[in-house]
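Just so it is clear, the values below take in all heavy atoms, side chains as well, and ignore hydrogens, waters and symmetry mates.
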Amino acid sequence: MKRHHLLATAALILFSAPALSLAQTPTPQKTVTEKGQISQQDMTFAEKAAMSDMFEIQAGKLAQDHAKDNGVKQFGNHMVADHTKTSEAMKAMAQQKSMTLPTKLDSEHQQKLDQLRGQQGDQFDSAYLQGQIDAHQTAVTLFRTQAEKGQDADLKRFAEQTLPTLEQHLRQVRDLRPNVASTSGAAQQSTSFENMMGKAVYGEDGGKLGDVADIILDAQSGKATQVILDRGGILGIGAKQVALDYTLLNANGDRIVARQVTEDQVKQMAEFKYDDNTVSLGQRNSGGSNADHGTMNKGGDMKNDAAHGTANSLDSTQPRNPQ
């Protein structure tokens, strides 16, 4: 009888052990943001990512209906499809973690969408693509920061997995943008890099967009991809730097004009942020990691003057160093 009792007890312990082990295995916890169980950085990322997806989907649908260029229409289709997937993934994650995400656009994104809705034909195509460049630059920075510094494991993994797609979107829209511009790109203009630094850039409406503070270069080819403009604001208030595609710039003597870009559009652009992957003319001239004392030809190609052993005319300029 006593032996029976001991065997029964041993069997009970044996079959209970796996259940006890499973109960102690960590599982994704449903978090309530009011209690602070999700960090502020993670919550801000989730909200901004959700807002970005909503804007991309709605703007992409406008492109489907209003774009004149077939490439722009196809890009709009692509944005609706891809950002619908990431939006659904974020919603599922938010439900699991009891996070509350925005369900409608904020005033900033709604204003951009309304302005886009008022454009037609070539003007729509140009405004949509420039807006997509701006939006994806912001999104890439947001997701890269979360992938590197996020505290919530699921949100961090989501950012890591989504980042390559956003970077691909940015490359695609940058490649598409010059084809939609009404005239030839900046690669054919006579203005050299050194002459552009510090010059004022104007929009097609005649409004001043800002002063050239730096030029972003492709890390592989050395060609110019973007121009960084300083917008000084009033007494420093509202000061920021924004990025324009280099191919949009056209020079007429000393006057540099950004085709199909207006002052109002630039006011709505997000501030440009340098990161560890940025290669720029300012970094080269300031003796940073990308310095090589080269010169740039008209098309934005680097030409090495190291054989001459002297500083060239670029070194005499004093561009604003990356912040």
Side-chain angles (χ1 to χ4, degrees), residues 16-61 63 75-110 112-113 131-174 243 269-278:
S16 297
L20 182 61
S21 176
L22 287 173
Q24 293 175 337
T25 301
T27 57
Q29 183 180 7
K30 289 188 176 182
T31 56
V32 181
T33 58
E34 289 80 3
K35 293 183 180 179
Q37 295 175 336
I38 288 285
S39 72
Q40 185 59 52
Q41 176 182 318
D42 290 335
M43 192 65 219
T44 298
F45 164 75
E47 291 172 347
K48 288 185 175 182
M51 186 69 65
S52 176
D53 279 332
M54 281 193 292
F55 176 75
E56 289 296 336
I57 292 168
Q58 294 184 44
K61 289 179 178 179
F75 186 78
N77 291 336
H78 191 35
M79 293 305 97
V80 172
D82 280 5
H83 285 277
T84 296
K85 292 178 182 178
T86 53
S87 177
E88 293 302 319
M90 178 59 75
K91 288 176 182 177
M93 200 179 311
Q95 184 177 12
Q96 181 190 54
K97 297 177 179 295
S98 298
M99 293 189 300
T100 302
L101 298 179
T103 57
K104 64 178 183 178
L105 295 177
D106 58 17
S107 58
E108 177 186 354
H109 286 87
Q110 186 61 55
K112 291 180 180 180
L113 198 68
Q132 285 297 294
I133 291 172
D134 183 45
H136 280 91
Q137 285 174 169
T138 301
V140 164
T141 300
L142 174 70
F143 276 70
R144 184 177 291 147
T145 300
Q146 180 66 19
E148 294 172 353
K149 301 179 181 179
Q151 298 180 35
D152 182 271
D154 296 324
L155 290 173
K156 184 179 175 73
R157 188 181 307 110
F158 173 75
E160 292 171 346
Q161 293 173 347
T162 307
L163 180 58
T165 300
L166 295 175
E167 291 173 332
Q168 182 186 41
H169 291 171
L170 183 56
R171 289 192 296 270
Q172 288 173 336
V173 71
R174 281 176 175 168
M269 291 182 182
E271 183 171 6
F272 178 81
K273 299 291 186 183
Y274 289 86
D275 59 41
D276 293 339
N277 298 315
T278 303

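Between Glu56 and His136 the shortest side-chain heavy-atom distance falls below 4.5 Å.
Minimum interatomic distance between Pro102 and Met54 (heavy atoms only, all atoms of both residues): O-CE, 3.6 Å. Closest of all the heavy-atom pairs between Ile57 and Val80 is O-CG2, 3.6 Å. What you find for Gln41 and Gly150 is that their closest heavy atoms are NE2-N, 3.5 Å. Across all their heavy atoms, Ala147 and Lys156 have their closest contact at O-NZ, 2.6 Å.
A distance of 6.0 Å separates NZ of Lys112 from CZ of Phe55, quoted to the nearest 0.5 Å. Between atom CD of residue Glu271 and atom CE of residue Met269 there is a gap of 13.5 Å, rounded to the nearest 0.5 Å. One distance of note links CD of Gln132 with CZ of Arg174; it measures 13.0 Å at 0.5 Å rounding. With rounding to the nearest 0.5 angstrom, the OG1 atom of Thr103 is 8.5 Å from the CE atom of Met51. Gln151 CD to Met43 CE: the interatomic distance, rounded to the nearest 0.5 Å, is 14.0 Å. How far CG of Asp82 is from CG of Asn77: 11.0 Å, rounded to the nearest 0.5 Å.
Not a single donor-acceptor pair under 3.5 Å links the side chain of Gln58 to the backbone N or O of Leu113. A donor-acceptor contact shorter than 3.5 Å links the side chain of Asp42 to the backbone of Asp152. A distance-only check finds no donor-acceptor pair linking the side chain of His83 to the backbone of Met79 [under 3.5 Å]. Distance alone, capped at 3.5 Å, places no donor-acceptor pair between the Ser52 side chain and the Lys48 backbone.
Aromatic ring pairs are classed by plane angle as parallel below 30°, tilted from 30° to 60° and perpendicular above 60°; the pair Phe158 and Phe143 is tilted.
Within a 6.0 Å radius of CG in Asp276, other residues, nucleotides and ligands contribute 12 heavy atoms or fewer.
Among Thr162, Thr165, Asp53, the single residue meeting the side-chain hydrogen bond (donor to acceptor under 3.5 Å, both in side chains) criterion with Thr86 is Asp53.
Between the side chains of Thr44 and Gln40, at least one donor N or O lies within less than 3.5 Å of an accepting N or O.
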Between Lys104 and Gln110, does a side chain to side chain contact (heavy atoms under 4.5 Å, CB included) hold up when you go through it step by step? CA-CA 9 Å; Lys104 64 178 183 178; Gln110 186 61 55; over 6 Å; no
Apply side chain to side chain contact (heavy atoms under 4.5 Å, CB included) to the pair Thr138 and Lys273, showing each step before the final yes or no. CA-CA 8 Å; Thr138 301; Lys273 299 291 186 183; over 6 Å; no
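Contact check on Glu148 versus Arg144 returns no salt bridge, with no Lys/Arg side-chain nitrogen under 4.0 Å from an Asp/Glu carboxylate oxygen.
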